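Remember, predicted model here, so these are calculated numbers, not experimental data. Lettering of chains follows the sequences in order, A, B, ..., and the numbering in each one begins at 1.
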Amino acid sequence: MKFVREIIVAVALTVAAFISSVAHAHDYKVGSLVITHPWTPEPPMGAKVAAGFLKITNEGATDDRLVSVTTDIAGNAQVHGMKVENGVMSMFEIEGGLVIPAGQTVELKSKSNHVMFMDLKQRPTKDTRFKATLTFEKAGPVTIEFKVEPMGSSHEHEGM
Amino acid sequence: MLRILRILLWALVVTSLAGVGTYFYLGQQTGKVQPLVTIGGPFKLAATTGETVDSTGLKGEPFAVFFGFTHCPEVCPTTLYEMSSTLGKLGDEAKNLKVFFVTVDPERDTLDFMNSYLTSFDPRIVGLRPSADELAQIAKTYRVFYERVPTSDGGYTMNHTALVYLMDREGRFFGTLDYEEKPEMRLTKLKRLLKEG
Ligand SMILES: [Cu+2]
């Protein structure tokens with residue numbers, strides 16, 4: 001009897017672990033691209049813009065490009081580059097789309113490339129998610145969810 | 001081309017300022033060297049508190065000032081957030097420390113809007129909104145770079161200096177907090193400002 005109960009507990013734990021790892025992974029696949037852990041730091045009260053971060057891995061043999069991002073929560077979204085040099089922050093649109101080279105991972109992350117959500121229609125609040133559609137030149141469109149994390153979560157995300 | 005030249009020139013200014021800052025800092029240690037370039041100077045600007053902040057009235061209290069705008073995806077919210085958490089750690093030690101957030105985008109950043117934006121941060125952070133002329137003036141005295149960059153949707157964004165300037169109780173330049181600096185470093189620098197500034 002005790003043995004059976006142990007097995008049930010073990011199975012339950014395995015299933016729970018599996019579910020939570022899947023939930024944590026928060027991955028998407030489209031064509032030969034894998035998109036990992038899209039997230040947004042919660043913007044301040046009333047903010048009209050927010051930054052989106054994610055990792056895109058191209059498992060294919062040809063380069064692809066992220067050409068557009070759309071979402072209901074923002075009037076406009078663009079892929080931006082950003083750098084801080086000699087104390088000056090500058091930001092620029094990445095023209096012609098962000099290249100995702102074959103066999104490589106491109107990271108949109110803090111202090112670097114980001115999705116810039118502009119003209120926000122609603123404030124993304126922490127612990128919620130919002131949908132967005134990424135369109136790639138070759139892989140086509142994919143709808144993903146950005147997870148809103150507390151402000152200040154600019155730390156590295158390992159996104160399993 | 002002109003833009004690249006401008007950026008290069010400003011980069012030169014910032015680099016030399018960093019050098020001067022170090023020189024000045026070392027000078028403070030020995031008490032011999034005088035600063036070559038002054039950073040900062042008096043300002044009188046409309047504040048989110050509903051008052052006008054006159055820097056000459058701040059004599060006797062060190063303060064911090066930085067420049068940004070609310071249509072800023074990351075650097076400005078992060079700077080505000082980090083400043084808030086450092087102020088939180090300092091607690092009562094910094095209860096009178098004034099921190100000013102000066103918008104480089106007064107066109108979109110009204111005082112009301114800034115006020116609501118700043119409710120997400122430590123209440124010691126006060127927003128200042130210069131007119132276009134006042135902005136040019138304060139940017140000049142603080143050697144701050146800002147430029148408007150048009151975006152393809154017809155809007156614009158701003159590039160700007162992302163340093164936090166620490167000013168001593170005489171209103172003189174004391175040092176900076178840099179964007180990528182570790183939290184412990186920021187805390188140490190602010191403690192020094194409060195003690196020695
Ligand atoms: Cu941006």
Side-chain angles (χ1 to χ4, degrees), chain A residues 39-53 67-70 74-97 108-120 123-126 146 148-156, chain B residues 3 7-8 10-18 67-82 84-85 108-109 112-121 143-147 149-165 176-180 183:
Chain A
W39 70 283
T40 297
E42 182 186 67
M45 191 63 79
K48 290 279 181 273
V49 301
F53 304 114
V67 286
S68 72
V69 182
T70 55
N76 189 13
Q78 297 177 344
V79 181
H80 281 181
M82 195 266 260
K83 60 177 196 286
V84 181
E85 248 173 33
N86 297 311
V88 176
M89 184 281 293
S90 49
M91 201 162 69
F92 42 91
E93 275 180 77
I94 295 178
E95 288 176 38
L108 285 84
K109 60 179 181 190
S110 179
K111 300 171 185 123
S112 175
N113 296 341
H114 55 272
V115 176
M116 175 100 163
F117 297 110
M118 293 179 290
D119 188 17
L120 286 182
R123 178 181 184 223
T125 47
K126 66 173 180 223
F146 279 87
V148 187
E149 304 203 354
M151 207 185 285
S153 324
S154 55
H155 53 79
E156 307 304 311
Chain B
R3 207 173 131 222
I7 291 176
L8 280 175
W10 278 103
L12 196 72
V13 169
V14 173
T15 317
S16 54
L17 282 180
F67 297 77
F69 66 122
T70 68
H71 282 66
C72 175
E74 197 196 344
V75 173
C76 312
T78 304
T79 304
L80 288 160
Y81 175 83
E82 285 171 345
S84 299
S85 68
R108 290 184 297 200
D109 289 339
D112 275 353
F113 189 78
M114 288 177 84
N115 197 26
S116 109
Y117 188 85
L118 289 173
T119 59
S120 294
F121 303 100
R143 324 270 157 176
V144 162
F145 172 79
Y146 66 101
E147 79 175 335
V149 185
T151 52
S152 63
D153 60 322
Y156 65 92
T157 180
M158 306 292 299
N159 293 341
H160 62 89
T161 299
L163 298 169
V164 178
Y165 295 84
T176 59
L177 304 183
D178 305 333
Y179 182 57
E180 312 220 37

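- Heavy-atom minimum distance, A:G152 versus B:Y81: CA-CE2, 3.4 Å.
- Comparing A:A50, A:A51, A:P44 by how many heavy-atom pairs each has under 4.5 Å with chain B, the most go to A:P44.
- Residues B:P73 and A:M91 are in side-chain contact: their nearest non-hydrogen atoms beyond the backbone lie under 4.5 Å apart.
- For chain A, no part of B:D178 is nearby; none of its heavy atoms comes within less than 4.5 Å.
- For B:S120 (side chain) and A:M45 (main-chain N/O), a donor-acceptor pair under 3.5 Å exists by modelled atom type.
- A distance-only check finds a donor-acceptor pair linking the side chain of A:E93 to the backbone of B:S152 [under 3.5 Å].
- Contacts of B:C72 with chain A are made by both backbone and side-chain atoms, with heavy-atom separations under 4.5 Å.
- At a 4.5 Å heavy-atom cutoff, the contact between B:F69 and chain A is made by side-chain atoms alone.
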Derivation of the side chain to side chain contact (heavy atoms under 4.5 Å, CB included) call for B:V75 and A:M82: CA-CA 10 Å; B:V75 173; A:M82 195 266 260; 3.5 Å; yes
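- The shortest non-hydrogen separation linking A:A47 to B:Y117 is CB-CE1, 3.9 Å.
- Contacts between B:S84 and chain A at a heavy-atom distance below 4.5 Å are absent for every atom of the residue.
- With a 4.5 angstrom heavy-atom cutoff, B:T119 touches chain A only via side-chain atoms.
- Neither the backbone nor the side chain of A:E42 comes within less than 4.5 Å of any heavy atom of chain B.
- In this structure, CE on A:M89 lies 10.5 Å from CZ on B:F145, to the nearest 0.5 angstrom.
- Heavy atoms only, all atoms of each residue included: B:H71 and A:V49 are closest at C-CG2, 3.5 Å.
- Side-chain contact between B:T151 and A:M116 is absent, with no heavy atoms from C-beta onward closer than 4.5 Å.
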